[in-house]
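Quantities reported herein were computed from a predicted structural model and do not represent experimental measurements.
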Amino acid sequence: MGERRESAVKPGGRLDGTTVLRFAHIFKNASGGIEQYLDSLNRTLLERNRMTIVQMHLVREGCRLEVQPEQVGQGVLLWVPSLLSESPTAPRSLKVRVKRALYSAAAATPPVAALLRRVLSRGFLHFDATVSNRLLLQTVRQGRPDLVVFHWVSEDSGEVVHCAREMGIPFLVINHFENRRFNLPLMQKSLAGAAGYGGVSPADVPAPFRPGFLNFSDGIDTDFFSPQGVTSPEDGDVLLLPSRLTPGKGHNDLLRAAALIKRGGRRVKVVFAGREESGSFAAELKGAAARLGLQEETVFTGHLCAAELRRWYGASTVVVLPTLSEGLGRVLLEAQAMERAVVAYDVGGVSCAMENGSTGYLVPKGDHRALARMTELLLVDPERRVTFGRNGRRFVQENFSLPALASRHEDFYLAACAPSPVPEWAFSLPAPPP
């Protein structure tokens with residue numbers, strides 16, 4: 001990083017000589033959707049451009065707070081840690097318990113899910129953790145990047161937004177969740193003064209935000225996520241849900257669906273592949289599996305690296321994503337690239353991440369019986385699974401390549417770095433909350 005540059009356009013790569021700082025609540029080397037998105041994007045951009053990417057990442061108490069440079073392609077990936085503190089107080093713990101109880105109720109009762117969304121949109125309940133961005137703010141002030149990109153909007157992102165505004169650094173906001181989040185007061189407050197905004201799918205963008213919305217979509221390394229050379233050591237049918245263990249991702253619904261399939265006479269193994277965000281929620285799932293008679297058939301893999309996740313895709317029969325909220329569904333892209341048929345709830349941008357009836361099946365949100373029916377339809381028909389798998393890989397290759405993803409970001413960054421007045425779309429947005 002260094003002095004501000006008049007233009008982001010340099011000889012060679014389109015972003016040569018520039019520095020981009022990313023704000024995101026991610027863990028280094030984790031296999032979550034946003035982690036994989038940013039890992040693929042960063043590495044592709046650095047292969048194409050002689051640039052620096054400053055990547056925020058979360059670390060837990062006891063880890064060293066130090067900046068770690070990594071040479072990638074033609075550029076440098078600079079890892080800057082932010083401290084995640086999880087030391088609950090009684091009031092915050094109560095909030096978390098209430099939130100988890102509401103999520104469990106929402107999974108079973110759609111009207112409760114609607115109420116939950118209204119409660120959460122007002123910001124009444126928060127996760128039982130705090131994030132300190134001291135080192136990240138120091139990096140911004142001392143290094144003065146050309147651009148700050150927010151891939152996550154949260155209570156602690158406001159101080160980084162304020163710093164960028166104060167220093168005159170252009171910033172962008174990219175939403176990786178359902179686009180209804182643009183209605184949240186915190187999101188609207190963060191958009192004030194932004195050089196642009198967008199999301200990972202065009203689904204459900206609120207009307208006031210459509211004029212300036214840009215669809216960044218996603219990109220998958222289809223050379224890495226490929227069925228070639230991957231063997232399946234598992235016996236029988238494996239239903240894979242690749243997602244962190246957190247309420248709202250549909251783990252309970254998959255257990256209910258698997259129990260229905262088992263009652264119909266077909267034995268299945270349920271694999272939950274992802275890190276535990278809460279030991280109590282993992283215990284809740286294990287209790288639910290025992291009550292449903294699935295204790296022996298349920299596997300918790302914990303945190304997986306990308307290679308381990310790839311092996312589980314290869315071992316799966318069907319990949320299931322019954323999440324109650326989703327921006328796009330990156331794991332669906334990875335699964336289809338691995339030639340696996342998929343079944344998912346029709347929420348957010350999921351319908352953009354698959355072809356219903358051709359690569360898998362969409363079912364109504366919260367309908368675990370329909371989830372069981374469509375999953376079993378694939379389990380009993382190997383030929384259909386093979387056809388859907390081949391269709392899925394072709395669909396991902398044609399629509400979600402990494403070069404196309406990088407080009408979309410390059411276009412956005414160049415436009416944001418170019419001197420310009422406040423964009424026209426900003427005048428039509430709702431006034432940000434005080």
Holding to salt bridge (Lys or Arg N to Asp or Glu O under 4.0 Å), I want the full list of residues that pass it with Glu308, two or more places apart in sequence or in another chain.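 None.
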
Quick one: pull up [atom1] in [X] and [atom2] in [Y] and give me the separation to the nearest 0.5 Å.
{"X": "Ser325", "Y": "Lys365", "atom1": "OG", "atom2": "NZ", "value": "7.5 Å"}
{"X": "Tyr37", "Y": "Leu328", "atom1": "OH", "atom2": "CG", "value": "9.0 Å"}
{"X": "Asn179", "Y": "Arg210", "atom1": "CG", "atom2": "CZ", "value": "10.5 Å"}
{"X": "Thr18", "Y": "Leu414", "atom1": "OG1", "atom2": "CG", "value": "8.0 Å"}
{"X": "Ser217", "Y": "Leu333", "atom1": "OG", "atom2": "CG", "value": "7.5 Å"}

Which class fits the ring pair [X] and [Y]: parallel under 30°, tilted 30 to 60°, perpendicular over 60°?
{"X": "Phe23", "Y": "His25", "value": "tilted"}
{"X": "Phe171", "Y": "Phe150", "value": "perpendicular"}
{"X": "His151", "Y": "His176", "value": "tilted"}
{"X": "Phe281", "Y": "His251", "value": "perpendicular"}

Should the pair Arg267-Glu296 be classified as a salt bridge under the 4.0 Å nitrogen-to-oxygen rule?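 No, this pair does not count.
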
Can we say Arg385 and Asp381 salt-bridge, meaning some charged N sits less than 4.0 Å from an Asp/Glu carboxylate O?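 A salt bridge is absent here (no side-chain N lies under 4.0 Å from a carboxylate O).
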
When you measure from the side chain of Arg340 to the backbone N and O of Ser316, does any donor-acceptor pair fall under 3.5 Å?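 Checked: pair present.
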
Donor + acceptor pair across side chains of [X], [Y] (<3.5 Å):
{"X": "Ser82", "Y": "Asn133", "answer": "yes"}
{"X": "Ser407", "Y": "Arg48", "answer": "yes"}
{"X": "Asn42", "Y": "Gln55", "answer": "yes"}

Going through the checks in order, is the salt bridge (charged side-chain N to carboxylate O under 4.0 Å, His left out) test met by Arg43 and Glu70? CA-CA 11 Å; Arg43 293 185 181 279; Glu70 179 184 349; 3.1 Å; yes

With salt bridge (charged side-chain N to carboxylate O under 4.0 Å, His left out) as the test, would you mind laying out the steps for Asp253 and Arg256 before giving the verdict? CA-CA 5 Å; Asp253 278 16; Arg256 295 187 186 102; 2.7 Å; yes

Below 3.5 Å, can you tabulate the donor-acceptor pairs from side chains in residues 373-380 to any protein atom, sequence neighbours excluded?
unit_1	atom_1	unit_2	atom_2	d
Thr375	OG1	Leu371	O	2.7

Check step by step if salt bridge (charged side-chain N to carboxylate O under 4.0 Å, His left out) holds for Glu35 and Arg244. CA-CA 12 Å; Glu35 284 98 340; Arg244 67 189 188 278; over 6 Å; no

Can you establish whether the number of heavy atoms outside Glu383 located under 6.0 Å from its atom CD is more than 12?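 Not buried by this count: 12 neighbours or fewer within 6.0 Å.
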
Glu159 atom CD, neighbour heavy-atom count above 12 within 6.0 Å: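 Result for CD/Glu159: enclosed.
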
Are Phe272 and Trp312 an aromatic pair by the rule of ring centers under 6.0 Å?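 Ring-ring flag for Phe272/Trp312: false, centres at least 6.0 Å apart.
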
Of all residues at least two apart in sequence or in a different chain, which pass the ring-ring contact (aromatic ring centres under 6.0 Å, His included) check with Phe27?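 For Phe27 there are no ring-ring contact (aromatic ring centres under 6.0 Å, His included) partners, ignoring immediate neighbours.
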
